K.L.:
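Before I ask anything, let me first share the structure, which is written out below as C-alpha cells.
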Protein chains: 2
Amino acid sequence: MKADEKSAGRRSRAVAAKRTLIVNAALTLFSQFGLQGTRIEQIAELADVSKTNLLYYFPSKEKLYLAVLQDILTVWLIPLRALDNGLPPLEAISHYIRLKLEVSRDYPRASRLFCLEMLQGAPVLRGELEGDLHQVVDEKAQLIRRWIGEGALAETEPYQLIFMLWSVTQHYADFASQVEVLTGKTLQDPEFFSETLASIQQVIIGGLRPR
Amino acid sequence: MKADEKSAGRRSRAVAAKRTLIVNAALTLFSQFGLQGTRIEQIAELADVSKTNLLYYFPSKEKLYLAVLQDILTVWLIPLRALDNGLPPLEAISHYIRLKLEVSRDYPRASRLFCLEMLQGAPVLRGELEGDLHQVVDEKAQLIRRWIGEGALAETEPYQLIFMLWSVTQHYADFASQVEVLTGKTLQDPEFFSETLASIQQVIIGGLRPR
DNA sequence: GTCTATACAAAGATAGAC
DNA sequence: GTCTATCTTTGTATAGAC
C-alpha cells in the first residue's frame, strides 16, 4: 500500500481490526463444527468478507485455527492463576467457582472449542498443556496441599479437586444445549446463574469443609 | 444371494456382525473427529472393508452416523434409570457415581461422541433429549425432591445436582487427554479409578449430607 | 487490499461387471 | 456381496487484474 512508515500504526490498527473480526467469526464456527467441519467460506460469510480476502489475512485454514486457539488460551488460565492464598481457603475456592462459571457464561464458544480440542486428544494444544498449564496446576496443587495440612480443608487429592472444579463449571458451556433442553434456562439468565453458582458452591464447599 | 428364506437367519447374523464391525470403527473415528472430520475411507480402512462395501451396508455417511448415535444412546440412560429408591439416598447417589464413572472408563468413545453432539447443539439427538431423557430426568428430579423432603439430603436444586453428577464423572472421558497430561494416569489404571471414585464420592456426598 | 476466474485435490456416492 | 472404474460435488488455495 501507499502507506509509509509513519502511517504504519493506522494501517496496523485497521489490519488488526479485520483480523479480530475474522478470528471472532472463526471461533463461532470452529467451536461448533471443529476444524474439518468448518468451511472457509462459512467463516468469510459470517465475518462479512470474501473468501479470497480472508485468505489474504490468514494464508490457510490451519493457520487461522491456530490463531483462534492461541487467543482463547489467554483467557483460559486467568481464573486458575487467580486462585491464591489471599483469602481463607474455602472462600478462595468459592471465589474460583464464581470466576470459572463466569467464564462459562461469558466465553461459551471458547470453552467449547477448548473442549473440542481435548476430545480430539489435544493435537494442537498438547504442548501448552504440558508446559504452561502443567506448571500452574502443579503450583495450585501445592497450595491445596498446604491448606489441607493446615486443617482448613478436608483431605482430598488436589488434582481430583481441580478436575471437579473444572468439570462442574465447564459443563454449563459445553453441555449448554442439554441444560437448555432440560431446564429451559441459560447462564445468561441472571437468576439461573445465581442458582447454579449457589448449588455448586454449596455442595463443593460443604464437601470440603473439614470435619 | 442364493440364500433362500431358510438361511435368512444365518445371513442376517453375518450381516449384523459386519454392521457391528463398521459401527464400532465409526464410533472410534466419529468420537474423535466428528461427522465432517471423518472420511468414509478411514472408517472402511479401520473396519477392514472397502469403501464401496461400507457404502453397501450404510447408504451414506449420515446414515452411519445416526446408527452410531442410536447405539450409544442405549448405553447412555442405563445408570440414570438405575438411580432408584431401593437404597438409602446417600448410598443410592454414591452408587450412581460409581456406575457413571464406570461408563466413562468402559465407554469413553461413546461418552466423547455424546459430548461432541452436545457441543454442536445436539442437532441429531435433540429429539431424544426432549423425549426420553427429559422424562427420565424429571422422574429422578422428583425422587431427589422427595429425599430432600424427608430430610435425608441437604436442600439442593435437583437439576443442578444431576448436572454436577454428570459433569464430574463424564470429565474423565471427555477430558481424558488433559487428565493424562497432568497426572499421567487413566481410569484404566485401577488405582487411579479408585482414587477418583473416592474423591468424587467424598466431596459430593459430604456436600449433600444434611446438617 | 480486494476482486474474478480458475486450478487442483479430496471425498461422497453410483454404475455395472463378476 | 464385493470389486473396479468413474461421476460429481465441494472446498482449498492461487493467479492475475484492478
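In what follows, chains carry the letters A, B, and so on, assigned in the order in which the sequence lines appear, proteins first and then strands, with residues in each chain numbered from 1. Since the structure is predicted, the reported quantities are computational estimates derived from the model, not experimental observations.
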K.L.:
Between C1' on D/dT10 and CD on A/Q36, what's the gap in Å once rounded to a whole number?
P.N.:
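Going from CD in A/Q36 over to C1' in D/dT10 covers 15 Å.
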K.L.:
So if I take every side-chain heavy atom of A/Y56 and compare against C/dA10, C/dT2, D/dA13, which nucleotide ends up nearest?
P.N.:
C/dT2
K.L.:
Please indicate whether B/E130 has more than 12 foreign heavy atoms, meaning atoms of other residues, nucleotides or ligands, lying under 6.0 Å from its CD.
P.N.:
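It does: B/E130 CD has more than 12 such atoms within range.
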K.L.:
May I ask you to evaluate whether B/S50 reaches the phosphate of D/dT2, defined as a side-chain N or O under 4.0 Å from OP1 or OP2?
P.N.:
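The answer is no; no side-chain N or O of B/S50 sits under 4.0 Å from OP1 or OP2.
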K.L.:
Output the rounded distance in Å from CG (B/L29) to P (C/dG12).
P.N.:
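Distance check: B/L29 CG to C/dG12 P gives 12 Å.
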K.L.:
On the ring face of B/Y172, is B/R105 found with NZ or CZ under 6.0 Å from the centre and within 45° of the axis?
P.N.:
no
K.L.:
Taking 4.0 Å as the cut-off, does a side-chain nitrogen or oxygen of A/T52 come that near to OP1 or OP2 on C/dC3?
P.N.:
no
K.L.:
How about B/E45: does its CD atom have over 12 heavy atoms from other parts shown lying under 6.0 Å from it?
P.N.:
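Result for CD/B/E45: open.
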K.L.:
So, are B/E157 and B/R145 salt-bridged, with charged N and O less than 4.0 Å apart?
P.N.:
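A salt bridge links B/E157 with B/R145.
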K.L.:
More 5' along DNA chain D: A/P59 or A/R39, using each one's nearest nucleotide?
P.N.:
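Checking each residue's closest nucleotide, the 5'-ward one belongs to A/R39.
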K.L.:
CG of B/L35 versus C1' of C/dG12: gap in Å, rounded?
P.N.:
12 Å
K.L.:
So what does B/K63 touch, heavy atoms closer than 4.0 Å: a base, only the sugar-phosphate, or nothing?
P.N.:
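Counting heavy atoms under 4.0 Å across all strands, no contact is made by B/K63.
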K.L.:
Can you find a side-chain donor-acceptor pair between B/Q170 and A/S167 that sits under 3.5 Å?
P.N.:
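Note: B/Q170 and A/S167 side chains miss the donor-acceptor criterion.
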K.L.:
Can you see if the side chain of B/Y57 gets near the phosphate of D/dT2 - specifically, an N or O under 4.0 Å from OP1 or OP2?
P.N.:
yes
K.L.:
Within this structure, what is the CG-to-C1' distance between B/L55 and D/dT6, rounded to whole angstrom?
P.N.:
14 Å
K.L.:
Could you please name the option among C/dG1, D/dT12, D/dT2 that lies closest to any side-chain atom of A/N53?
P.N.:
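Minimum distance to the A/N53 side chain belongs to C/dG1.
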K.L.:
To the nearest Å, give me how far apart CZ (A/R19) and P (C/dG1) are.
P.N.:
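In whole Å, C/dG1 P lies 11 Å from A/R19 CZ.
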K.L.:
Could you state the CD-P distance from A/E41 to D/dT9, rounded to the nearest angstrom?
P.N.:
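Distance check: A/E41 CD to D/dT9 P gives 16 Å.
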K.L.:
Can you tell me which nucleotide in D/dT14, D/dG1, C/dG12 comes closest to the side chain of B/K51?
P.N.:
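Closest nucleotide to the B/K51 side chain: C/dG12.
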K.L.:
What is the distance from CZ of B/F58 to C1' of C/dG12, rounded to the nearest Å?
P.N.:
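Spelled out: CZ on B/F58 to C1' on C/dG12 is 16 Å.
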K.L.:
When you get a sec, tell me which of D/dT2, C/dA11, D/dT14 is the closest nucleotide to the side chain of B/K18?
P.N.:
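When the side chain of B/K18 is considered, D/dT2 is the closest of D/dT2, C/dA11, D/dT14.
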K.L.:
Taking the minimum atom-to-atom distance to the side chain of A/I40, which one of C/dA11, D/dC3, D/dT12 wins?
P.N.:
D/dT12
K.L.:
Grab the CG-P distance between A/L54 and D/dG11 for me, whole Å please.
P.N.:
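My rounded result for the distance is 15 Å.
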